[in-house]
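Right, I'll just put the structure down here and ask away after.
Sequence lines set the chain letters: A, B, ... in the order given, protein chains first and strands last, and positions in each chain run from 1. On a predicted model such as this, the values are computed, not experimentally measured, just so you know.
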Amino acid sequence: MDLSFYATYLPILAKGALLTISLTVLSSFFGTILGLIAALARISKSSVLRKISYFYTWAIRGTPLLLQLYFIYYGLPQLGIKLDAFPAAAIGMSVCAGAYISEIIRAGIESIDKGQMEAARSLGMTYLQAMRRIILPQAYRRLIPPMGNEIIALMKDTSLASTLAMVELMRSARHIDSATLRSLEAYAAAGIIYLAMTTVLTVIFSRIEKKLAVYE
Amino acid sequence: MIQAENIYKSFGNLTVLKGVSMTINTGEVVVLIGPSGSGKSTFLRCLNGLEPIDKGRIVIGKYVLGPQLKNRRSRAIDKELNLVRTRLGFVFQSFNLFPHMTALENVMEGPITVLRQSKFEARDKALALLEKVGLADKANSYPAHLSGGQKQRVAIARALAMEPEAMLFDEPTSALDPELVGEVLAVIRDLAEDGMTMLIVSHELSFAREVADRVVFMEDGRILEEGAPTQLFAHPKKDRTRNFLRSVI
Ligand SMILES: Nc1ncnc2c1ncn2[C@@H]1O[C@H](COP(=O)(O)OP(=O)(O)OP(=O)(O)O)[C@@H](O)[C@H]1O
Ligand SMILES: [Mg+2]
């Protein structure tokens with residue numbers, strides 16, 4: 001191990017980490033929106049919406065993320081849809097995260113006692129008002145731990161984007177490895193940065209969980 | 001005020017309501033009794049549109065509910081249904097308070113979200129209602145920190161906050177420890193004195209005798225007998241009613 005090594009190469013790793021973070025943030029954000037829409041569709045009265053949502057989660061959860069990324073980046077250009085590596089990775093990861101998150105949200109909503117919806121409806125609330133004011137705020141709290149796991153998994157999965165010529169943290173480590181042949185230092189450094197980032201996420205989520213526990 | 005005509009309701013091939021008709025006049029207090037599974041809850045849930053009916057007609061003030069609600073795709077019907085619900089207060093056996101809101105917020109929720117009242121207006125009214133049910137000091141408590149009797153009184157205040165024209169109670173005291181029943185019945189008694197129109201499912205016969213203008217006995221999805229409490233309790237016409245009354249006491 002050579003410490004001066006880190007002084008030279010840390011900035012490269014930091015740049016990679018930044019890309020990892022932006023991919024994680026983007027795909028968590030859009031994945032949550034997609035997941036919420038898919039979850040509401042899945043429990044809606046319309047059988048068409050239910051089927052579309054079912055198909056979406058079935059197809060995405062039944063295929064590897066790597067394949068989905070290749071499909072978007074290498075496959076779609078044949079249909080005339082050509083995306084740069086970053087948007088391709090961000091879209092692929094959001095769509096994938098959305099499928100898993102929709103299952104989390106659906107389970108959360110279904111875990112809320114049926115009487116809550118009835119009480120809300122009996123006050124004259126519409127279905128959407130009841131969802132927004134009564135059901136989702138309660139489901140939200142139960143969603144925090146599984147969402148934390150999902151987003152941590154997502155952060156680690158961004159390493160798959162390195163195969164789309166994206167120089168995120170994993171790819172930066174590989175560049176350093178091949179340029180210096182210091183494999184041990186390069187991957188140890190990247191590993192520590194991943195650990196630091198996932199630890200921060202863990203702490204944030206347990207904070208949120210505690211804060212939301214006030215009414216119990 | 002409330003008029004149900006020949007209501008039929010099935011779940012799958014189980015017919016729960018087999019032609020129930022009932023009229024409740026403004027200011028009247030009706031207590032509905034009957035054995036478990038006879039369809040009392042289902043009837044109440046049909047009245048405020050929580051369950052669509054298969055046949056018959058329900059008239060609530062100027063609103064009419066019919067079997068068309070079964071395939072309720074249309075927004076107009078959904079809207080109509082919500083209007084009906086705002087006119088009827090519903091109190092559940094299991095309270096169904098919103099656990100993520102304080103007692104005060106529970107009571108303010110309907111007026112703010114449904115009636116679009118301002119926070120200040122809703123708060124003043126909610127505080128007055130909590131006072132009325134004897135819980136002014138619990139305004140800022142979450143349901144998890146309230147006893148069953150207190151929860152049910154908050155639930156009653158929550159329903160009253162919508163200023164309903166009538167109240168429906170589905171066994172409001174049967175989930176309560178015996179020593180907490182009295183405080184909830186006292187609140188309902190007050191409402192009766194205020195002239196509130198009410199339909200109450202309850203097996204508290206002494207309470208029924210005291211507040212009810214009319215007692216209705218339901219069995220197996222039909223109304224078997226009804227009358228003033230003194231008459232029905234003392235001289236039931238049907239054997240089934242007599243057997244049931246004996247089993248409750
Ligand atoms: N959503 C539902 N799906 C299927 N069956 C139902 C449903 N709701 C009620 N039932 C059935 O309808 C019948 C009547 O139920 P209901 O709850 O109306 O009776 P009840 O008179 O209120 O009884 P209890 O005194 O036990 O509350 C029961 O056999 C019940 O199992
Ligand atoms: Mg019942």
| request: Under 4.5 Å heavy-atom distance to chain B, tell me which part of A:Gln129 shows up: side chain, backbone, both or neither. | output: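 Contact with chain B: side chain only.
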
| Any donor and acceptor pair, going by atom type alone, linking the side chain of A:Ser102 with main-chain N or O of A:Gly35 inside 3.5 Å? |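 Answer holds: no.
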
| message | If we count only N and O atoms by modelled type, under 3.5 Å, do the side chains of B:Thr173 and B:Gln152 hold a donor and an acceptor together? | response |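 Result is no, nothing qualifies.
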
| task | Look at B:Val91, B:Asn48, B:Thr102, B:Leu97 and state which one has the largest set of heavy-atom pairs under 4.5 Å with chain A. | result |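 Of the options given, most contacts go to B:Leu97.
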
| Side chain, backbone, both or neither of B:Leu88 within contact of chain A (heavy atoms, under 4.5 Å) |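 For B:Leu88, the backbone is the part near chain A, not the side chain.
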
| said: Report which part of B:Leu115 has an atom under 4.5 Å of a heavy atom belonging to chain A: side chain, backbone, both, or neither. | reply: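 Looking at B:Leu115, nothing touches chain A.
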
| said: For B:Arg45, which atoms come within 4.5 Å of any heavy atom of chain A: side chain, backbone, both, or neither? | reply: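 The side chain, not the backbone.
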
| In chain order, what residues pass the side-chain hydrogen bond (donor to acceptor under 3.5 Å, both in side chains) check against A:Arg174, with sequence neighbours excluded? |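 Partners of A:Arg174 by the side-chain hydrogen bond (donor to acceptor under 3.5 Å, both in side chains) criterion come out as none, since no residue qualifies.
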
| request: Just give me the residue among B:Thr113, B:Val84, B:Thr86 that pairs up with chain A most often, heavy atom to heavy atom, under 4.5 Å. | output: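 Top count of heavy-atom pairs under 4.5 Å with chain A: B:Thr113.
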
| Over 12 non-hydrogen atoms of neighbours within 6.0 angstrom of CZ in A:Arg50 |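 For A:Arg50, atom CZ is crowded (more than 12 foreign heavy atoms under 6.0 Å).
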
| request: Between chain B and each of A:Met117, A:Lys114, A:Arg132, A:Met125, count heavy-atom pairs under 4.5 Å; write down the option with the most. | output: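 Between A:Met117, A:Lys114, A:Arg132, A:Met125, the count favours A:Met125.
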
| request: Pick one of side chain, backbone, both or neither for B:Ser94, based on which atoms fall under 4.5 Å of a heavy atom in chain A. | output: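 Answer is neither: B:Ser94 stays 4.5 Å or more from chain A.
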
| Contact class of B:Phe98 relative to chain A, heavy atoms under 4.5 angstrom |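 Both parts, backbone and side chain.
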
| request: Please check if atom CZ in B:Arg123 has more than 12 non-hydrogen atoms from other residues, nucleotides or ligands closer than 6.0 Å. | output: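 Atom CZ in B:Arg123 is not crowded, with 12 or fewer foreign heavy atoms closer than 6.0 Å.
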
| Between B:Leu168, B:Leu83, B:Asn82, which shows the greatest number of heavy-atom pairs under 4.5 Å with chain A? |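 The candidate making the most pairs under 4.5 Å is B:Asn82.
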
| Sidechain-backbone polar pair: A:Arg171 side chain, A:Met166 backbone, donor-acceptor under 3.5 Å |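 No.
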
| Relative to the ring of A:Trp58, is the ring of A:Phe55 parallel (under 30°), tilted (30 to 60°) or perpendicular (over 60°)? |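 Ring orientation, 0 to 90° scale: tilted.
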
